[in-house]
Structure formats: C-alpha cells, structure tokens
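Keep in mind that the numbers below use all heavy atoms, side chains included, and drop hydrogens, waters and symmetry copies. Residue numbers start from 1 in every chain, and the chains themselves are labelled A, B, ... in the order their sequence lines are given, proteins ahead of strands.
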Protein chains: 2
Amino acid sequence: MHMKTGVEQSVYAVLLLNMLPDKAVLPGEAISQQLKASPTYFRKLLRKLVSADVIASVPGVKGGFKLNKRPEAITVYDIYLAIEGRQSLYSSSGILGDLLELEKEESCCLLTDLMEEAEVAWKSVMKRETISSLAEKMNEQQFLLKTEALQQWVQRKMVA
Amino acid sequence: MHMKTGVEQSVYAVLLLNMLPDKAVLPGEAISQQLKASPTYFRKLLRKLVSADVIASVPGVKGGFKLNKRPEAITVYDIYLAIEGRQSLYSSSGILGDLLELEKEESCCLLTDLMEEAEVAWKSVMKRETISSLAEKMNEQQFLLKTEALQQWVQRKMVA
DNA sequence: CTAAACGCGGACAATCATTATCCTCGTTAT
DNA sequence: ATAACGAGGATAATGATTGTCCGCGTTTAG
C-alpha cells in the first residue's frame with residue numbers, strides 16, 4: 001500500500017504553474033523535463049489535473065498549461081483526488097457475509113464504517129495545505145535563492 | 001493505492017480465534033477454509049500476526065493458532081501494522097531536491113510533514129476499535145443466530 | 001520409533017495495478 | 001501548409017501483491 005508517485009509529481013508541477021504570470025502557459029514537455037519524469041506518462045497526469053479543473057490547457061503551438069484556480073483555492077487533497085480518484089483506501093471483500101452465511105442483500109462489514117472514518121481523517125489533513133501555503137514554504141530563507149533561479153527558468157520556458 | 005485484502009482477512013481470522021476457549025487452538029487450514037482464502041498464502045499472513053505477537057502458534061499435530069493477548073488489547077491498527085508493516089503511505093521521491101538543485105544532504109520535501117500528519121490521523125482512528133469491540137458488534141441482534149452457528153463451527157474444528 | 005499432522009521459511013510463479021511508450025487525431029500560430 | 005502543441009486510445013514494461021511448492025523441525029499417536 002503506497003501512494004502513487006504521481007501525486008507528488010503533480011503537486012510540484014502545480015507549484016511550477018503557480019510561478020507563471022497571468023495569461024502565460026508552460027508546455028507539458030518543459031514541465032516533465034524539469035521534474036525528470038517520463039514525458040509521455042506525465043502528460044496523462046496533467047490531463048487528470050485538467051479533468052479535475054485544477055489546471056487548464058491551451059492547445060496549438062504556443063499552447064501549454066496554467067492554473068485554473070487561485071492558488072489559495074487548490075489544496076493538496078484536490079491534487080490527490082485528481083490523480084488517485086475517488087476509490088477509497090479500503091473496500092470490503094465481503095468476508096463477513098461468507099462467514100455468517102448471510103444473504104447477499106444483508107451483506108455487511110464490521111470494518112467499513114471505521115475505515116471510512118479513518119480515510120476522512122487522512123483526507124482532512126490534506127485539505128489543510130494549499131498551493132499558496134506550499135509556495136510560501138518554498139520561499140523561506142534557506143531556499144530563497146534557489147527558488148528565484150527556478151522562477152527564472154519558468155520565465156524562460158513559458159509562452160504567450 | 002489500496003489497502004491489502006490481507007488486512008481484512010486477518011481481522012476476521014483474529015475474530016475467529018477470539019471465539020476459542022482458553023488453551024484451545026485452531027489449525028491454520030481450518031481458518032483459511034472458513035475465510036475462503038488460499039491456504040498457502042494465508043499461512044503467511046498468520047505468520048506475520050505471530051511475528052507481531054498478536055497471535056501465538058503451537059507446532060506439531062494438534063497444533064494451530066490462538067490469541068496472544070486479551071481481545072481488548074488488540075486493535076485493528078495492531079493487525080494493520082502486522083500485515084502492512086511500518087512503511088508509510090507516502091514517501092518523497094526527492095523531486096524538490098532536483099527542482100532546486102539542492103545538495104543531497106539538504107534534500108527536503110514540502111509534503112513529508114503534512115503526509116506524516118495525515119497518516120497519524122488515519123492510524124489513530126484504527127487504534128480506537130479492538131477485537132472485543134468488533135466481537136460485540138457481531139453479537140448484535142441481527143447476527144446473533146448466525147454468530148452462534150459460527151461459534152459452534154469453531155468448537156468442532158478446534159483442538160486440545 | 002516411525003509416521004502423520006501441523007507450523008516455519010525460503011524460492012519461485014501468477015496476477016494485477018502502476019508506470020511508460022507509441023501512434024493518430026484536432027487545434028492554433030506562423 | 002506546416003510545425004508545435006494537447007487529447008486520447010492501444011499496448012508494453014515494471015513492480016508490488018498474491019499464490020504455490022518443497023524441504024525442514026516439532027509434536028502426538030500408533
């Protein structure tokens with residue numbers, strides 16, 4: 001049981017897009033290069049973010065991606081949800097029904113409610129952090145110089 | 001990202017062992033048959049539970065498994081931990097280090113603390129429910145008759 | 001004291017989700 | 001028109017999980 005690495009990659013991709021000036025976009029290939037991710041697969045992640053309305057895409061030459069919401073309005077959970085989908089961490093395989101020889105209609109599971117609650121707790125922590133709060137952390141003393149270099153890279157690679 | 005089905009199976013296995021009278025044991029094969037799980041793989045799960053001191057095993061003919069703690073002292077989390085191990089749900093792949101071109105020593109991740117906290121929240125819910133509280137739920141009105149039938153099956157299959 | 005029933009442990013194979021590639025298409029700036 | 005980009009599907013490679021097999025040590029029963 002492990003979270004997909006795509007979630008981490010996507011968070012940093014969104015952080016890159018957050019460095020764009022208004023109206024500008026960043027081509028998908030530039031992003032995946034910077035993240036050292038496989039370009040073809042990374043496009044799929046970006047499309048999931050588009051479907052979830054976290055980012056927007058612009059087709060055609062001079063196309064690319066940009067944020068679709070204000071950075072304060074994008075939580076880590078939004079990105080998690082876009083990539084991992086709604087499937088819950090736990091789903092009963094119906095063992096209890098077999099054990100007690102229940103009819104299919106009355107099938108139940110002693111764990112479902114508990115695990116549901118656990119998952120809510122886990123997700124609620126992810127909802128607390130937003131892209132803008134993460135961006136602030138990147139701008140702290142220790143990383144300030146490096147982050148500025150990264151912003152300059154964004155300026156060079158962006159279009160429009 | 002999905003929890004192993006082995007966790008659910010293990011919880012119900014422990015619930016079965018909880019129905020044993022003192023000193024009695026249940027052979028592994030009987031358990032896996034009742035849970036409709038593959039016997040060879042299920043033995044591995046049982047051994048993980050043994051390593052985690054949740055259950056105890058008795059070798060030799062007339063051998064089998066039994067609880068190693070009072071049912072109030074076994075939480076769902078104990079079983080989760082035995083099966084899934086200590087590996088955390090999230091682990092950074094170090095992208096930020098690449099992005100900012102940090103030296104390896106100062107490598108860091110904006111998400112690690114958050115995800116750590118989320119995982120603590122998720123686990124703390126699992127620590128609330130114990131084998132004895134689950135056993136009570138099985139004895140509620142709607143399942144009482146079926147649960148008694150299951151207890152009789154345990155009586156027949158147990159040894160010593 | 002031998003055999004049979006059980007748990008232990010490791011090597012190995014099958015299955016399944018995740019990651020990655022490839023090819024074709026629609027869109028847009030030049 | 002053509003070149004650069006995103007969209008989407010079919011399909012492989014990878015890796016984790018699940019499942020099998022075989023030989024071993026221990027204990028009870030004959």
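- A 6.0 Å sphere centred on CD of E29(B) holds no more than 12 heavy atoms belonging to other residues, nucleotides or ligands.
- Here the range on DNA chain D touched by chain B, meaning any atom under 4.0 Å from one of its heavy atoms, is dT17(D) to dA29(D).
- Here the side chains of M1(A) and L89(A) are in contact, with some heavy-atom distance below 4.5 Å.
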Once each nucleotide of nucleotides 25-30 of chain C is scored for protein heavy atoms under 4.0 Å, what B/S/- sequence comes out, 5' to 3'? --BBBS
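- Dashed line: the shortest gap from a side-chain N or O of T5(A) to OP1 or OP2 of dT19(C) is under 4.0 Å.
- Side-chain atoms of S133(A) never come within 3.5 Å of backbone atoms of E129(A) as a donor-acceptor pair (strictly under, hydrogens ignored).
- In this structure, the side chain of N68(B) does not engage the main chain of A56(B) through any donor-acceptor pair within 3.5 Å.
- Between I79(B) and I131(B) there is a side-chain heavy-atom pair separated by less than 4.5 Å.
- Distance L89(A) CG to dA17(C) P: 16 Å, rounded to the nearest Å.
- Every residue two or more places apart in sequence or in another chain was checked for a salt bridge (charged side-chain N to carboxylate O under 4.0 Å, His left out) with E84(A), and none qualifies.
- For the pair D78(B) (side chain) and T75(B) (backbone), a donor-acceptor distance under 3.5 Å is present.
- Side-chain contact between K123(B) and L81(B) is absent, with no heavy-atom pair separated by less than 4.5 Å.
- Taking every heavy atom of residues 28-44 of chain A and every atom of DNA chain C, pairs under 4.0 Å involve S38(A), T40(A), Y41(A), R43(A), K44(A), by number.
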Side-chain donor-acceptor distances from residues 3-16 of chain B under 3.5 Å, at least two apart:
| unit_1 | atom_1 | unit_2 | atom_2 | d |
| --- | --- | --- | --- | --- |
| E8(B) | OE1 | S93(A) | N | 2.8 |
| E8(B) | OE1 | S93(A) | OG | 2.8 |
| E8(B) | OE2 | Y90(A) | OH | 3.4 |
| E8(B) | OE2 | S92(A) | OG | 3.2 |
| E8(B) | OE2 | S93(A) | N | 3.2 |
| S10(B) | OG | G6(B) | O | 2.7 |
| Y12(B) | OH | L110(A) | N | 3.1 |

Quiz: residues 153-160 of chain A side-chain donor-acceptor pairs under 3.5 angstrom, not counting sequence neighbours:
none

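- Closest-nucleotide positions on DNA chain D for H2(A) and L46(A) were compared, and the one nearer the 5' end corresponds to L46(A).
- Residue I55(B) contributes atom CD1, which lies 16 Å from atom P of dC6(C) at whole-angstrom precision.
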